[in-house]
Amino acid sequence: MLVIEDGPSAKKHRRSTKVDDDAAAAERRKLIDAERRQLPAWAARDKLLQLLQEHRTLVLVGETGSGKTTQIPQFLLSARFGSRSRSRSSTAPGKPTSDKAGAAGTPGDIKSPQKATGVVERDGASRGAVTQNDGPAQNVHHVSINGSDGGGAANHGGPQQPTGKSVGGSDGSRAGGGAIAVTQPRRVAAMTVARRVAEEMGTKLGDKVGYAIRFEDVTSHSTRIKYMTDGLLLREALVDPLLSRYRIVIIDEAHERTVHTDVLFGLLKGVQARRGEDFRLIIMSATLDAARFVDYFPGAVAALIRGRQFPVRVMYTPKPEDNYLDAAINATLQVHADEGEGDILVFLTGQDEIDSAERLLKDRLATLQGSRGPTSSPSFGSRELLVLPIYAALPPEQQMKVFEPAPEGQRKAILATNIAETSITIPGVRYVIDTGHVKARDYNAKLGLESLAVVPVSQAQARQRSGRAGREGPGKAFRLYTEADFSVLEPTTPPEITRCNLGSVVLQLKAMGINDVLGFDFMDPPPRAAILRSLELLYALGALDAAGCLTEGVGRRLSRLPVDPMFGRVLLAATEMGCGQEAVAVVAMVSTENVFHTPRQKEREWRAARLKFVSREGDHLTLLNVFRGFLELPKESNKARTTWCSENFINIRAMRKAEDIYEQLVRFLGHPSPPGLGLQLATCGEDSTPLRRALTAGLFPHAAKLQPDGSYRVLATGRQVFLHPSSVLLDRKPACLVFNELMHTTRTYARDAVEIEARWLPELAPAVFAAKTIAAAAGPGVGINERLAPATTGVAAGARGRALRGAE
DNA sequence: GGGTTAGGGT
């Protein structure tokens, strides 16, 4: 069971199996109520509501365990913020409704961040030594909310106003007019928090409180509080740019700065400008970066709610470690030998590193046991150390082991990637070992190249890691670097939107009528080159016209498909080429990561298993074979599926996700009326040619030709790349191929490749591959790249010029 | 000749 962020309350939550026992239910409600009142958020209730009446944007810094995610929406609802009735009675922007505004003492100061220098007081219990060692708390402009007692405020979950007609011309869809939307970066969080809040309010999930995530909508017409993923709200904005069905939008975990939240920021700013007093925005963030948000949103005010975090003592190494992996193993053994009860969480960078750390640690333990005898030392060997890996690609049954409590007399040492920073919370952890490194994705817009490299963490990330030791009691964090090293780390990790491919983002903005993408009000604008590159790509795909405007035929349809624009283009082409079914399966599979589980110590086994699926034509067809194999299993038999997957070293989570995407795409492409595209999904059977042609029609910007030295050259750019070692084509190296993506690690690798015919290119992408050039290139022994590169660059430059004219 | 951090989508 994954435990979500934000609070002991949610963590303790167990769903009651029966509610027919009224007495027990009432008892439970009392308990829940008592629990709620303990939460720091509860004490801040009245003040928060007051602030929100006076300001259109509230930036709420709620530390871990404050209860902000579960409580704030309920407060708003009980204060009728979640109903339509008060929206008309509110006053003009900037004019407080309440004459009590001054009485609270501070609102005047709060409004102007520059004046309100109130340093946030931080009590020791809240952050303890972490703060101390990290240096002084940042000087942020907030007001600290110290609970006025929340005694009188008990009408939570009271009867709600009938919704009537919604504001701003609602479309009458579910969770109708004036509801409260609360976004989360992760699906599990949206689900579990919604479930908890429904229970607190004593309603059925999907009734007054619900959630919506991709593939799942548990809301109804009576839903007033809707927890959802940020990506989903972004999708809704495509259809309803004013988000008219919501009176309040809450962006939770805003400090994580996902691509989705960052785009939402810009959109919401526009929504505020157009909806005025009719709309309220709350930005909830766990770290003290409120000033950024306050500066960005006009008229915003910040407030802090304390958390319930136990103190964590942070230790640094006196001098730099030259091998953090060795250091981590030593530190783990030392903590195990010297420290009291509690599990150890070690942050490493990736699967390989975790695998080898696991081996090294187990070897060291065996040696120690052997030299001392099984029970010789009271401090060492008296307790066993249970070494457990956790990372996203690990099969679920192995992942589950970290959530089980250590058996009596044992201690867990969990070797984790940054999955344990935010996505999952592991119970029992009291010691954190931070190697100070992380494997991170980056994007070089000029080269259109993604890279994956081990880099130092940011200070914020280091704090987040340390905090994992203080969830259940006082803890200790061991940073395997010096305090001086910490002080020179970047304060925060740059937002993702500044370091990723923007194809989808630019397409979405265009589809929402935001034509001047370069001028979009991003909180942190992505590199200009990244936007330009996306415009070029979208033009090449036919999604934008020469003026940079969305094309109705291709562009509009691509914007609605929930896949990368290049894959969307593959799907559209496939429906015309009679291989829609196969293409949907392939796109679903490539939209899923970690299909194959490839543990290093079982390489022979997984290679043998994979052979059954291998297509000599490439990775896409191999993935298609896997998907077909999976679909042949009885859908209702979980057992059969689990067994098949584990026998074949296939990740069942990935397969379930691929199946969901497949079904969603089939529904979408096939459905006859508007949101659907009403396209026929035919099958090409065993003939792979139509499918490979369809893939070419979308992936042509990634077409590459074999070079004499065994490497490949990307036709559109002239770049030299290598086939990724995981490709089934590695032994066969066809003369021409298209691939999904480039990734730079030790070298520049092309991942997921499929063989194509060079002569298809001018036919399927005439704007980019002039027939003449290809004809020359197709001749034997002709230096194809030298001829192609200038031609394609010229086209790209032309596209850029035209696309920009529309944009600027 | 050799390898993938984590999230997310009407």
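Note on naming: letters A, B, ... go to the chains in the order of the sequence lines (proteins, then strands), and numbering restarts at 1 for each one.
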So what does [X] touch, heavy atoms closer than 4.0 Å: a base, only the sugar-phosphate, or nothing?
X: A:Ser591; value: nothing
X: A:Gln351; value: sugar-phosphate
X: A:Arg465; value: nothing
X: A:Leu238; value: nothing
X: A:Gln508; value: nothing
X: A:Gln664; value: sugar-phosphate
X: A:Val563; value: base
X: A:Leu561; value: base
X: A:Arg747; value: sugar-phosphate

Next item on the list: Scan residues 731-742 of chain A against DNA chain B and write down, sorted by residue number, each residue with any heavy atom closer than 4.0 Å; if none is found, say none.
Entry: A:Asp731
Margin query: If you take any heavy atom closer than 4.0 Å to DNA chain B, which residues from residues 387-396 of chain A end up in contact?
Written below: A:Tyr391, A:Ala392
Grab the [atom1]-[atom2] distance between [X] and [N] for me, whole Å please.
X: A:Leu723; N: B:dG3; atom1: CG; atom2: P; value: 13 Å
X: A:Arg653; N: B:dG8; atom1: CZ; atom2: P; value: 11 Å
X: A:Glu603; N: B:dG3; atom1: CD; atom2: C1'; value: 10 Å
X: A:Asp352; N: B:dG3; atom1: CG; atom2: P; value: 9 Å
X: A:Glu496; N: B:dG7; atom1: CD; atom2: C1'; value: 7 Å
X: A:Asp660; N: B:dG9; atom1: CG; atom2: C1'; value: 12 Å
X: A:His260; N: B:dT10; atom1: NE2; atom2: C1'; value: 13 Å
X: A:Ile354; N: B:dT4; atom1: CD1; atom2: P; value: 15 Å

[N] OP1/OP2 closer than 4.0 Å to side-chain N/O of [X]:
X: A:Thr417; N: B:dA6; value: yes
X: A:Ser423; N: B:dG7; value: yes
X: A:Ser504; N: B:dG9; value: no
X: A:Arg214; N: B:dT10; value: yes
X: A:Arg441; N: B:dT4; value: no

Which nucleotide in the set [options] lies at the smallest distance from any side-chain heavy atom of [X]?
X: A:Pro725; options: B:dA6, B:dG2, B:dG9; result: B:dG2
X: A:Lys657; options: B:dT10, B:dG3, B:dG8; result: B:dG8
X: A:Leu232; options: B:dG9, B:dT4, B:dG7; result: B:dG9
X: A:Thr229; options: B:dG7, B:dG8, B:dG3; result: B:dG8
X: A:Arg235; options: B:dA6, B:dG9, B:dT4; result: B:dG9

Item checked: Which residues share a side-chain contact (heavy atoms from CB on, under 4.5 Å) with A:Thr332, sequence neighbours left out -> A:Ile344, A:Val346, A:Leu361, A:Leu385, A:Ala413, A:Ile433
Margin query: Salt bridge or not between A:Glu450 and A:Arg751? Use side-chain N to carboxylate O under 4.0 Å.
Written below: no
Side chains of [Y] and [X]: any donor to acceptor distance under 3.5 Å?
X: A:Glu353; Y: A:Tyr391; value: no
X: A:Asp289; Y: A:Thr492; value: no
X: A:Glu236; Y: A:Tyr246; value: yes

Could you pull out all residues at least two apart from [X] that satisfy ring-ring contact (aromatic ring centres under 6.0 Å, His included)?
X: A:Tyr749; result: A:His724
X: A:His260; result: none
X: A:Phe293; result: A:Phe265
X: A:Phe347; result: none

Item checked: Any pair counted as salt bridge (Lys or Arg N to Asp or Glu O under 4.0 Å), so long as it reaches residues 662-671 of chain A, sequence neighbours left out -> A:Lys635-A:Glu663
Margin query: I'd like to check the salt bridge (Lys or Arg N to Asp or Glu O under 4.0 Å) partners of A:Arg616; sequence neighbours left out, ordered by chain and number.
Written below: none
